[in-house]
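In what follows, a structure is listed as structure tokens, so that the remarks can point back to it.
Fair warning: this is a prediction, and the values are worked out from it, not measured in the lab. Basis for what follows: all heavy atoms, side chains included, without hydrogens, waters or symmetry-related copies. Residue numbers begin at 1 in each chain, while the letters A, B, ... track the order of the sequences.
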Amino acid sequence: MNSEKLDKGYEPNEVEKRWYGYWEAEGLFEAADVSTKQPFSIVIPPPNVTGVLHMGHAHNNTLQDILCRYRRMQGYNVLWMPGTDHAGIATQNVVEKELAKEGKNRHELGRKEFIKQVWQWRKEYGGLIINQLKRLGASCDWGRERFTMDEGLSRAVRTVFVKLYEDGLIYRGNYIINWCPRCLTALSDLEVEHEDHNGHLYYIKYPFEKGKGGVVVATTRPETMLGDTAVAVNPDDERYDIEEGTTVMLPLMNRKIPIIFDKYVDTRFGTGALKITPAHDPNDFEIGKEHNLDVVKVIGSDGRMNENAGPFQGQDRFVCREKIIEALKVEGLLERVEPYQHSVGHCYRCRTTVEPYLSKQWFVKVKPLADEAIAAVKRGDTRIVPDMWTKTYFDWMNNIRDWCISRQIWWGHRIPAWACEDCGELIVAMDSPAQCHGCGGSTLSQEPDVLDTWFSSALWPFSTMGWPDDADALKTFYPTSVLVTGFDILFFWVARMMMMGLHFMKDVPFRDVYIHALVRDADGKKMSKSKGNVIDPIYVIDKFGTDAFRFTLAAFAAQGRDIKLSEDRIEGYRHFINKLWNASRFSLMHLEDFRCAGSFSHYSKDLSVADRWIFSRLNSVAENVLRALDEYKFNEAAGALYQFVWHEFCDWYLEIVKPVLYDEKPSGRGESGSGQASGVSPHEAALFTLWSTLNQALRLLHPFIPFVTEEIWDKLPGVEGSIMKAQFPVTSSDYRDPEAEDTMDLIMGITSGIRNVRGEMNVPPALFVGGVVQCPDEGVRETLGEHREMIMSLAKLDDLEIAPPGKRPASSATSVYGDNTIFVSLKDIIDFTAEQERLNKEIAKIDKELKGISKKLGNEAFLAKAPPEVVDGVRAKEERFVEKKNKLEKHLAVVKGLGAG
RNA sequence: AGGCACGUAGCUCAGGGGGAGAGCGCUACCUUGACACGGUAGAGGUCCGGGGUUCAAAUCCCCGCGUGCCUACCA
């Protein structure tokens, strides 16, 4: 395989399939339940089993994979626990839609048969997203894949439910909850999405039972008036000088209802009189309880008006609203209508307007659990990154309300509670009880409701690892190292996992929570199917390759800022992958016969300055990558690698070694010449450097772009096995070489100076010209002398003279680098006017800088109060600029003279 | 109504008290034996506005303006 030539362009598709299959077959993703290695664990945020991979998943899982591959290469025992979520409402909706196509509904099928069909559906389509994650390169331990409805996880759910019930943290009762009239189930507060809605405020007159006049109330929902059982005013409101016991007539219903007094009523809103509908508004419900008001339900579970709605029975709630308005107009009781913007809750699954609905539901008493979860973060047991989310977490936890966990659907974990039909006793137990422990009766019926899907997700960090059994995996991997997730499920999931983890495991579920941003479209809009602006990750992978896609996501993953993604950006990073590919292709061509004869120290004495420089740079990149990944700064790590590979390794190093590699007799270089002793030739030293740099760069890059790095690694001589098993590079003081960096800075600076003149003076790239560098410093002259040929090759010179400052060469253009003046000889091709313009422009730039500097140095306070090193720095800078300006001006004079003559 | 972000080159953004940066785009030149998915060079900025702290502010503080998002039972 090694001797194969690489193609000119990188073709990802075949490569990706091949290597993913290999990794899986070799078991490289597998974690060990028992190991001497240090553990590192992540549980995947389980995607909905009905889900299709979208950008959010792609981003989220790319980051997790980067961390897992990174830690694995560092020698950790890595567990990335995969799985899917049964997504109760969503999945039930999907299967019901399937049934509807056949003209059936679930009630015809019956509960048992319906559940069977859902499982069947899951078997057929549920694996889709898992395969898509594989295309992304996700290195999950697939053998451990879990599903929230698995037997083990279901047992965990029942265990938790029973325990919380016994602890008094689960209760059942009649309350106003959020009801979706389409899904026909209760929803938790979080499952309701509020949206601003342009509605109306209707002012309705409720006439006094006795006498003239009446009270005008304002409402946005006139249809609920049919269930009004009182009108409330603030006792301090002087406008309502009304006796206790006064009653008004409820319009359209001809029902007497009392006027009550309650401080809750805001005197500044509307008319200061509030209609009270205890059955259809949570506040009214509370007020109703306090004042012992009747509760009249007028809207049914399907969103239609019920038998209590009199003539409006059977109408849809929104139709009824219109009808009521009409009827009130007829009666002359509609005082006025104002446009009014208010927020309206919608079902997060189907967008139907949610109805506050009185019903008997199960709740978790969250406060005690939340207090623990708050304390844990305060103690630092769990760290939220970036920190700004910590405040959001506290705010929500501090204001948390009880969690409605019962759902009136069939697909999910059925609540483990039974009612005795003989005595009404409620029994909560792990398994179906044989008889009632109240009366001994045996006619028990199980609670029909199932639990909120998030109830089972909340257990995910330990239920997936074998809890409630005393599993090895649990001992090794709990608490998990980090949770990587989007802020959109901070409350839904993260907060609840914290509460459950602390209560049942007596420890937090994760040490770190890394909250990443959202992926948006190129204009910053949220991607959504209805907007039609989604980019399908699989389409992107097919078009640009997984590595390009992953690198893009990582490169844009700056903390706290959303990612605006467009195909153009991914294409840009495909170019990077291709660049790496071609640099490797070049390197491998030369490395075909290379056999590494020892470690760095074997070669170190014989390395050229460029060799030493690239090692030093590599070391600094490794430092940056390690630090950045430890801090979840994926964009910084990706940026450092991009910069290194493209602009240091490719742009400079490869160009510098080309002559060394192509020259069959490289002895002519005469550089860094102490290396006779070990007999390593400059050519060999360069090969070693090339090999070692590429080798380490690949390893640094692998977590980000696993496929292309594995493919190149496979062709790299002198390495064994998968790059996944290679060690992640460590930093080494052996590589650090400030001297080589200084020298290379000088060489690159001079080279750029020459290139700059060439470019600006339109010297054809193919034309070799002569150059002169005048340096006052003898050491610099010596250094440049040693590397004369390197500069000539990089700057396309046919001659390079290095001399002390002296006579200025005629017919040349100039540039200044540090103390050194560069002349590019342009015999016959110099355009004196152009050169004058160029110099003037350059001088103008310097003048601008000098202006700022002299202002600073003219400031007494600055001289007196700024730290001396800062002042010295500014002085030195001034000197440098003045010097540079002088040099340019001198040359300008010469050019002017020549141009004139 | 409260809270949190963000506003830096044409676009997307990094940076975060003492020299304004990157990628893409743009302009000019170049089929050099890894790569035109490339190379070299270049143009381009009141760092949203206004105050304050400081010797020094794009950077810290305050006030605006603008843009996103989240939370909330005022009908």
**Prompt:** A/His59 side chain to A/Val519 main-chain N or O, any donor-acceptor pair under 3.5 Å?
**Reply:** no

**Message:** Classify the ring geometry of A/Tyr653 against A/Phe649: parallel below 30°, tilted from 30° to 60°, perpendicular beyond 60°.
**Reply:** parallel

**Complete:** As its Watson-Crick or G-U partner within any shown strand, both distances under 3.5 Å, B/rG68 has B/rC4

**Asked** Taking the inter-plane angle between the rings of A/Tyr340 and A/Phe269 on a 0 to 90° scale, is it parallel (under 30°), tilted (30 to 60°) or perpendicular (over 60°)?
**Response** perpendicular

**Message:** Run the side chain to side chain donor-acceptor pair (under 3.5 Å) test against A/Glu879 and tell me which residues pass, sequence neighbours left out.
**Reply:** none

**Asked** Rounded to whole angstroms, how far apart are CG on A/Asn178 and C1' on B/rA72?
**Response** 13 Å

**Request:** Could you walk me through whether A/Glu711 and A/Lys715 pass the salt bridge (Lys or Arg N to Asp or Glu O under 4.0 Å) test, one step at a time?
**Result:** CA-CA 7 Å; A/Glu711 179 71 2; A/Lys715 306 208 179 334; 3.3 Å; yes

In residues 548-557 of chain A, what donor-acceptor pairs under 3.5 Å come from side-chain atoms, sequence neighbours left out?
| unit_1 | atom_1 | unit_2 | atom_2 | d |
| --- | --- | --- | --- | --- |
| A/Arg550 | NE | A/Phe704 | O | 2.9 |
| A/Arg550 | NH1 | A/Asp65 | OD2 | 2.7 |
| A/Arg550 | NH1 | A/Leu136 | O | 2.9 |
| A/Arg550 | NH2 | A/Asp65 | OD2 | 2.9 |
| A/Arg550 | NH2 | A/Pro703 | O | 2.7 |
| A/Thr552 | OG1 | A/Ala548 | O | 2.6 |

**Asked** Rounding to a whole Å, what distance do you find between A/Tyr653:OH and B/rC35:P?
**Response** 19 Å

**Complete:** With sequence neighbours left out, the residues meeting ring pair (Phe, Tyr, Trp, His ring centres under 6.0 Å) with A/His291 are none

**Prompt:** Just how far, in rounded Å, is P of B/rG25 from CD of A/Glu567?
**Reply:** 15 Å

In residues 191-200 of chain A, what donor-acceptor pairs under 3.5 Å come from side-chain atoms, sequence neighbours left out?
| unit_1 | atom_1 | unit_2 | atom_2 | d |
| --- | --- | --- | --- | --- |
| A/Glu191 | OE1 | A/Ser188 | N | 2.8 |
| A/Glu191 | OE1 | A/Ser188 | OG | 3.2 |
| A/Glu191 | OE1 | A/Arg407 | NE | 3.4 |
| A/Glu191 | OE1 | A/Arg407 | NH2 | 2.6 |
| A/Glu191 | OE2 | A/Tyr348 | OH | 3.1 |
| A/Glu193 | OE1 | A/Arg351 | NH1 | 2.6 |
| A/Glu195 | OE2 | A/Arg351 | NH2 | 2.3 |
| A/Asn198 | OD1 | A/Gln341 | NE2 | 3.4 |

**Request:** Side chain of A/Ala866 only, please: which of B/rC55, B/rU12, B/rA75 is the nearest?
**Result:** B/rC55

**Asked** Quick one: on RNA chain B, does A/Arg574 or A/Phe491 contact a more 5' nucleotide (nearest heavy atom)?
**Response** A/Arg574

**Request:** Mind calculating the distance between CG (A/Leu857) and C1' (B/rG18) to the nearest angstrom?
**Result:** 12 Å

**Message:** Distance check needed: B/rU71 P versus A/Ile400 CD1, whole Å only.
**Reply:** 13 Å

**Under 4.0 angstrom between A/Lys796 side-chain N/O and B/rC29 OP1 or OP2** = no

**Item:** Backbone of A/Leu690 reached by a side-chain donor or acceptor of A/Thr693 within 3.5 Å
**Value:** no

**Request:** Rounded off to whole Å, could you give me the CZ-to-C1' distance for the A/Arg755 and B/rG42 pair?
**Result:** 15 Å

**Of the listed nucleotides B/rC73, B/rC55, B/rC29, the one nearest the side chain of A/Pro765** = B/rC29

**Item:** Rounded interatomic separation in angstrom, taking CG from A/Asp196 and C1' from B/rA72
**Value:** 12 Å

**Asked** Do A/Lys658 and A/Ser793 meet the criterion of a side-chain donor-acceptor pair at a distance under 3.5 Å?
**Response** no

**Prompt:** Does the side chain of A/Lys564 get closer than 4.0 angstrom to OP1 or OP2 of B/rC13 through an N or O atom?
**Reply:** yes

**Request:** Examine B/rG38: is either OP1 or OP2 under 4.0 Å from a nitrogen or oxygen in the side chain of A/Asn582? Give yes or no.
**Result:** no

**Prompt:** Between B/rC30 and A/Arg758, is there an OP1 or OP2 to side-chain N/O distance shorter than 4.0 Å?
**Reply:** no

**Prompt:** Whom does B/rG19 pair with, Watson-Crick or G-U wobble, provided both distances fall under 3.5 Å?
**Reply:** none

**Message:** Among B/rG68, B/rG39, B/rA41, which nucleotide has an atom closest to any side-chain atom of A/Asp651?
**Reply:** B/rG39

**Prompt:** Counting only N and O atoms by type, is there a donor-acceptor contact under 3.5 Å from the side chain of A/Asn859 to the main-chain atoms of A/Ala861?
**Reply:** yes

**Base B/rC37 paired with A/Lys579 side chain (donor-acceptor, <3.5 Å)** = no

**Message:** Could you identify the nucleotide paired to B/rC37, looking across every strand shown and requiring Watson-Crick or G-U wobble geometry with both distances under 3.5 Å?
**Reply:** none

**Prompt:** Mind checking the C1' distance from B/rG17 to B/rU54? Whole angstroms is fine.
**Reply:** 9 Å

Could you run down the sub-3.5 Å N/O contacts of the protein with nucleotides 3-7 of chain B?
| unit_1 | atom_1 | unit_2 | atom_2 | d |
| --- | --- | --- | --- | --- |
| B/rC6 | O3' | A/Arg561 | NH2 | 3.2 |
| B/rG7 | OP1 | A/Arg561 | NH2 | 3.1 |

**Prompt:** Is the shortest side-chain N/O distance from A/Tyr340 to OP1 or OP2 of B/rA75 below 4.0 Å?
**Reply:** yes

**Item:** Complementary nucleotide of B/rG44, counting Watson-Crick and G-U pairs under 3.5 Å
**Value:** none

**Item:** Under 4.0 Å protein heavy-atom contact, by nucleotide of nucleotides 19-24 of chain B - B base, S sugar-phosphate only
**Value:** B---S-

**Request:** Starting from C1' on B/rA75, measure out to CZ on A/Arg268 and report it in whole angstrom.
**Result:** 14 Å

